[in-house]
Amino acid sequence: MYDKIYEFCKVRNEGTIYDNRYDTPPPRVNFLIDLIKSEGIEYELDKFFTKDVTGYNIILQGTSNRMVVAHHDVNNHKIDNANDNSASVINAIMIKKLRPQINIAIIDGEEVGGLGSQRLSEQINNNKFGKIDWVLNLELTGKGGKNFFIGDYPGNLTNHIKSIFNCPIFKTPFNDSVIFRKNGIDSVVINPLPVTMNKTNIEYNGVFLDHTILFNCHTYKDTIETISTEDMKEFTEEVILKIIDN
């Protein structure tokens, strides 16, 4: 599954969610639907209309009271968007394969203010998924493996993660967790970072983490060459599964 990142990064949309067509999903969504179907995973394509645009959320519903999300939309359709956020989408689908009971949502419109997370928030609060205790938001999860930080969003999910990992906590830019929390849903964003030999202000388990990869977002530097399928696997199976299982 992790190797699918190479195919996914070749797929180009026409632009942001504002460029979506109402009669057919954008190319990246179509790719993901084909991938999900090829893995035998049941899905729902949730087409929604808001602010005069058409959005497409992909729902992989489970029976758990926990949910993992990743946004599939892009800010710059001319680049690979490898770390932001293609790797997270592939990781989310892999989580569904490994833990079928988990609710997974691959959502639209993060890059323009969280339109897809607002739609999903309304569904959560209307009990579409039963009781959901928390939503873990995967962002920029293509490099870094088990070395990660979480956003500064106090609550039960943060306490749960901290009880398992002594990870650093930092303030983050806008992401879908902001929308979930605005709607009364406990949510935290999680983000691995590569190790560097240089001293930085992010230290975890005796190593320094390189936050400069974050500045690749929306630029031609966010290439498939900057991420690692081995790191994706390590992050998914040694970090996320522990959060889900405990």
Side-chain angles (χ1 to χ4, degrees), residues 1-13 25-46 56-64 66-74 79-108 110 116 120 129 135-148 161 164-165 175-176 189-194 213 216-217 222-246:
M1 172 62 71
Y2 301 108
D3 288 343
K4 295 296 182 180
I5 184 72
Y6 297 105
E7 298 175 45
F8 189 30
C9 285
K10 294 178 182 178
V11 181
R12 299 288 192 261
N13 283 352
R28 282 168 61 88
V29 170
N30 283 328
F31 174 91
L32 293 173
I33 290 173
D34 288 342
L35 175 59
I36 291 165
K37 288 167 65 176
S38 73
E39 295 293 334
I41 300 172
E42 293 186 3
Y43 73 96
E44 173 192 350
L45 181 61
D46 180 35
Y56 296 89
N57 287 353
I58 304 173
I59 306 298
L60 313 179
Q61 191 158 350
T63 58
S64 172
R66 299 173 173 187
M67 179 177 284
V68 174
V69 303
H71 76 87
H72 66 73
D73 65 304
V74 299
I79 63 176
D80 287 350
N81 293 288
N83 204 31
D84 184 21
N85 197 29
S86 299
S88 298
V89 172
I90 298 299
N91 289 342
I93 297 172
M94 188 62 186
I95 292 165
K96 186 65 177 180
K97 282 176 59 71
L98 296 170
R99 297 293 186 272
Q101 74 274 18
I102 293 296
N103 295 286
I104 300 291
I106 304 170
I107 53 182
D108 208 347
E110 188 271 351
L120 186 62
F129 306 94
V135 176
L136 182 61
N137 180 24
L138 308 186
E139 274 279 4
L140 315 180
T141 62
K143 188 73 172 178
K146 61 185 177 183
N147 300 299
F148 69 95
I161 295 171
I164 305 170
F165 303 98
N175 61 85
D176 284 312
V189 64
I190 187 167
N191 186 167
L193 290 175
I213 192 173
N216 292 349
C217 295
D222 189 7
T223 65
I224 190 66
E225 290 80 15
T226 62
I227 61 96
S228 162
T229 54
E230 291 81 8
D231 283 9
M232 290 168 61
K233 175 180 173 63
E234 182 178 86
F235 174 73
T236 298
E237 299 180 23
E238 297 187 28
V239 175
I240 301 302
L241 292 191
K242 286 185 179 180
I243 295 172
I244 289 171
D245 291 343
N246 288 281

So, does [X] use its side chain to make a donor-acceptor pair with the main chain of [Y] at under 3.5 Å?
{"X": "R99", "Y": "D245", "answer": "no"}
{"X": "R28", "Y": "N13", "answer": "no"}
{"X": "K146", "Y": "V239", "answer": "no"}
{"X": "N147", "Y": "G145", "answer": "no"}

Stepwise salt bridge (Lys or Arg N to Asp or Glu O under 4.0 Å) check, K10 with E7
CA-CA 5 Å; K10 294 178 182 178; E7 298 175 45; over 6 Å; no

Where [X] and [Y] come nearest, the two heavy atoms and their spacing:
{"X": "D108", "Y": "Y56", "result": "OD2-N, 3.0 Å"}
{"X": "A82", "Y": "C9", "result": "CA-SG, 3.6 Å"}
{"X": "N81", "Y": "S86", "result": "O-OG, 2.7 Å"}

Out of N91, D231, D84, which residue meets the side-chain hydrogen bond (donor to acceptor under 3.5 Å, both in side chains) rule with T141?
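The side-chain hydrogen bond (donor to acceptor under 3.5 Å, both in side chains) with T141 is passed solely by N91 among N91, D231, D84.
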
Going by side-chain hydrogen bond (donor to acceptor under 3.5 Å, both in side chains), N175 matches just one of N191, N137, N85. Which one?
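With N175 as partner, N191, N137, N85 yield a single side-chain hydrogen bond (donor to acceptor under 3.5 Å, both in side chains), made by N137.
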
Under 4.5 Å between any side-chain heavy atoms of L136 and I161, yes or no?
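They are in contact (side-chain heavy atoms under 4.5 Å apart), so the answer is yes.
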
Do Y2 and E237 make a side-chain contact, defined as non-hydrogen atoms from C-beta onward lying under 4.5 Å apart?
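They are in contact (side-chain heavy atoms under 4.5 Å apart), so the answer is yes.
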
Spatial distance of atom [atom1] ([X]) from atom [atom2] ([Y]) [nearest 0.5 Å]:
{"X": "E139", "Y": "I190", "atom1": "CD", "atom2": "CD1", "value": "12.0 Å"}
{"X": "L138", "Y": "T236", "atom1": "CG", "atom2": "OG1", "value": "7.5 Å"}
{"X": "N83", "Y": "K143", "atom1": "CG", "atom2": "NZ", "value": "10.0 Å"}
{"X": "I90", "Y": "D3", "atom1": "CD1", "atom2": "CG", "value": "10.0 Å"}
{"X": "E238", "Y": "I240", "atom1": "CD", "atom2": "CD1", "value": "12.0 Å"}
{"X": "E234", "Y": "F148", "atom1": "CD", "atom2": "CZ", "value": "11.0 Å"}

Do you know which of I59, D73, I58, L120 makes side-chain contact (heavy atoms from CB on, under 4.5 Å) with I107?
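Single pass found, and it is L120.
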
With a 3.5 Å cut-off and sequence neighbours excluded, list the donor-acceptor pairs that the side chains of residues 29-41 form with protein atoms.
unit_1	atom_1	unit_2	atom_2	d
N30	ND2	P25	O	3.2
S38	OG	L35	O	2.6
E39	OE1	K97	NZ	2.8

Within a 6.0 Å radius of atom CD on E42, are there more than 12 heavy atoms belonging to other residues, nucleotides or ligands?
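Not buried by this count: 12 neighbours or fewer within 6.0 Å.
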
Can H72 and N57 be counted as having a side-chain donor-acceptor contact under 3.5 angstrom?
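Per modelled atom types, H72 and N57 side chains form no pair under 3.5 Å.
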
List the steps, then state whether side-chain contact (heavy atoms from CB on, under 4.5 Å) holds for R12 with D80.
CA-CA 8 Å; R12 299 288 192 261; D80 287 350; 3.2 Å; yes

Taking K233 first and then E230, would you say they form a salt bridge - that is, a charged N and a carboxylate O separated by under 4.0 Å?
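Result for this pair is no, no salt bridge flagged.
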
Residues in side chain to side chain contact (heavy atoms under 4.5 Å, CB included) with N216, at least two apart?
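Partners of N216 under the side chain to side chain contact (heavy atoms under 4.5 Å, CB included) test: I213, T219, K221, D222, T226.
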
